Amino acid sequence: MSESQNNVVLSVKDLHVYFYTNQRCNKVLRGVSFDVKRGRTLCIVGESGCGKSVTANSILRLLPELSRIEEGSITYYKEDGTEIRLDQLEKNGKEMRAIRGQDIAIIFQDPMTALNPVFTVGYQIEEMLRQHKPGLSKEQYKKEAIEDLADMGIPAPDIRYGEYPHQFSGGMRQRSMIAMGMSCDPKILLADEPTTALDVTISAQIFDLMNDLKREHDTAIMMITHNMGVVAEMADEVAVMYMGNIVEYGPVEDIFTNPAHPYTKALLRSIPVLGKGKNQQLEPIRGSTPDPFNRPKGCQFCPRCDYACPRCEEEMPGEEWVKEGHYTRCFNYREVMADGK
Ligand SMILES: Nc1ncnc2c1ncn2[C@@H]1O[C@H](COP(=O)(O)OP(=O)(O)OP(=O)(O)O)[C@@H](O)[C@H]1O
Ligand SMILES: [Mg+2]
C-alpha cells in the first residue's frame with residue numbers, strides 16, 4: 001500500500017443515493033467518489049440542493065426511510081488497518097452506533113436535529129464524554145462539559161450547562177452541537193455548514209478549534225460550506241458538487257488558480273475575492289439549476305455552460321484527470337483551463 005493510501009481514512013466510491021417520494025424517484029447522488037485523508041480538511045462546495053448534506057448523512061447512515069443507497073461503497077479505514085464497509089452495516093445496529101460520535105462525528109446543518117429538547121445541554125455533552133472517556137467522576141464530566149461550552153465562546157457556561165436547548169439562541173445551539181461533535185476527539189469530523197448562523201469572530205474561534213483537533217489528533221475534517229472565503233482558509237482539498245456529482249476535485253490551490261470545470265469557474269466569478277479590490281465584476285451564474293425530476297440527458301451543467309458541445313448534451317463526462325490528485329468531469333476541460341476568463 002502506498003503512503004497516500006495509508007493516509008486515507010474514508011473512501012467513498014461511486015455512491016448512488018435515490019429518494020422515493022410521491023411515487024417519483026429523485027436520483028440525488030449519481031456516482032460520487034472522493035477520499036478523506038487523516039489530518040486534512042476536505043471542503044465540499046456547491047449550490048443549494050446539489051446533494052452535500054445527503055453525502056454527509058449517507059456516511060453515517062442517517063438518511064431518511066424514503067431513501068436508499070443503490071450502488072457504490074463507503075469504506076472507513078481504522079488506524080489498526082481494519083476496513084469497515086459503512087454502507088453494508090445495519091443502519092441502527094451496534095457497530096454503526098459505536099462509530100457514530102466516537103470515530104466519526106457529525107455537526108448537522110440544523111442544530112435542532114442533533115439536540116434532544118428534553119435533556120439539558122450540559123447533560124447531552126456529558127453523555128458524549130461518558131461514551132468516549134469512561135471512568136471519570138461526576139464532577140470531572142461536569143467540569144469538562146463546562147469547559148467545552150466555554151471553548152465555544154458561550155458566556156456564563158456554568159449556568160448555561162443546566163439549561164435546555166430551547167433556552168439557547170440559534171447560534172448558541174449551533175455552538176453546543178459543535179462542542180458535542182468535537183468533545184470526543186473523533187477520527188473524522190463531518191461538519192455541515194457548521195458556522196452559517198454565527199458571527200465572524202465566533203466562526204474564526206471555531207475554525208481554530210477544528211484546526212487544533214486536526215493537528216493534535218490527526219482528525220480528518222470534511223466540511224460543507226457555501227463560503228469560498230472559508231474554503232480558501234480551511235481546505236486542503238476541495239470537491240465541487242453539481243446536481244449529485246462531484247464535477248471537480250483537487251488541491252485547494254489548483255481549484256482557485258487553475259479551475260478545470262466551467263461550473264467551478266462560474267462559481268469563482270460569482271463571489272468577491274479578497275484582495276481584488278472594490279471594483280471586481282461579479283457575474284451571477286446564468287440560468288438556474290435544473291429540476292431534479294427533469295434533468296438534462298448528458299452533462300448536468302450543459303444548459304448553463306459557455307463551453308458546451310453537442311457531445312455534452314448526450315453524455316455525462318467521466319472523471320478526467322488533469323494531473324495527479326485533480327480531476328474534472330468535463331469533456332472540454334483543456335479549453336476551459338486555457339481560457340483566461
Ligand atoms: N428528507 C428528504 N426528502 C426528500 N428529498 C430530500 C430529502 N432530503 C434531501 N432531499 C433532496 O435531495 C437533494 C439534495 O439535498 P441536500 O440536502 O443534500 O442538498 P444540499 O446540497 O445540502 O443543499 P443546501 O446547501 O441547501 O443545504 C435535493 O433535491 C432535496 O430535495
Ligand atoms: Mg445541506
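Counting starts at 1 for both ligands and their atoms, following the listed order. Please read all numbers here as calculations on a predicted model, not as lab measurements.
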* If you measure from the Lys or Arg side-chain nitrogens to the Asp or Glu carboxylate oxygens, is any gap between Glu313 and Lys297 under 4.0 Å? -> no

* Which of the ligand 1 atoms, numbered from 1, are nearer than 4.0 Å to a heavy atom of Gln109 -> 27 (O)

* Within-cut-off N or O pair, Cys50 and ligand 1, under 3.5 Å -> yes

* Asked: Quick one: nearest non-hydrogen protein atom to atom 25 (O) of ligand 1, plus distance?
  -> Lys52 NZ, 2.8 Å

* Minimum-distance protein heavy atom relative to atom 19 (O) of ligand 1 -> Gly49 CA, 3.4 Å

* May I ask you to identify the nearest protein heavy atom to atom 31 (O) of ligand 1, giving residue, atom name and distance to one decimal place in Å? => Asn26 ND2, 4.3 Å

* Do Lys13 and Asp35 sit within salt-bridge range, that is, some charged N less than 4.0 Å from a carboxylate O? -> yes

* Asked: When only distance counts, is Val54 in polar contact with ligand 1, meaning an N/O pair under 3.5 Å?
  -> yes

* **Lys91, NZ atom: more than 12 neighbouring heavy atoms under 6.0 Å** => yes

* Closest non-hydrogen protein atom to atom 17 (O) of ligand 1, residue and atom name please, with distance? -> Ser53 CB, 3.6 Å

* To do: Look at Ser48 and state whether any of its N, O or S atoms is less than 2.8 Å from the Mg ion (ligand 2).
  => no

* Asked: Is the shortest distance from a heavy atom of Leu66 to ligand 1 less than 4.0 Å?
  -> yes

* Structure fact -> atom 2 (C) of ligand 1 has as its nearest protein heavy atom Phe19 CE2, 3.4 Å

* Asked: What is the closest protein heavy atom to atom 12 (O) of ligand 1, and at what distance does it sit?
  -> Val28 CG2, 3.2 Å

* Per the side-chain hydrogen bond (donor to acceptor under 3.5 Å, both in side chains) rule, which among Arg304, Glu248, His261, Arg329 passes with Tyr242? -> Arg304

* Asked: Hey, does Thr21 come in under 3.5 Å of ligand 1, counting only N/O atoms on both sides?
  -> no

* Check whether more than 12 heavy atoms from other residues, nucleotides or ligands sit under 6.0 Å from atom CD of Gln88, and answer yes or no. => yes

* Asked: Is His226 in contact with ligand 1, taking contact as a heavy-atom separation below 4.0 Å?
  -> yes

* **Metal site angle (apex the Mg ion (ligand 2)), OG from Ser53 and OE1 from Gln109, 10 degrees** => 90°

* To do: Verify side-chain hydrogen bond (donor to acceptor under 3.5 Å, both in side chains) between Thr225 and Asn227, making sure each step is shown before the conclusion.
  => CA-CA 5 Å; Thr225 176; Asn227 185 333; 5.5 Å; no

* Test of proximity, Pro64 against ligand 1: N or O pairs below 3.5 Å -> no

* Asked: Just by distance, do the side chain of Asn332 and the backbone of Glu335 share a donor-acceptor pair under 3.5 Å?
  -> no

* Please state which protein non-hydrogen atom is closest to atom 24 (P) of ligand 1 and give its distance, to 0.1 Å? -> Ser48 OG, 3.7 Å

* Using atom types as modelled and distance alone, determine if a side-chain donor or acceptor of Arg173 lies under 3.5 Å from a backbone N or O of Pro165. => yes

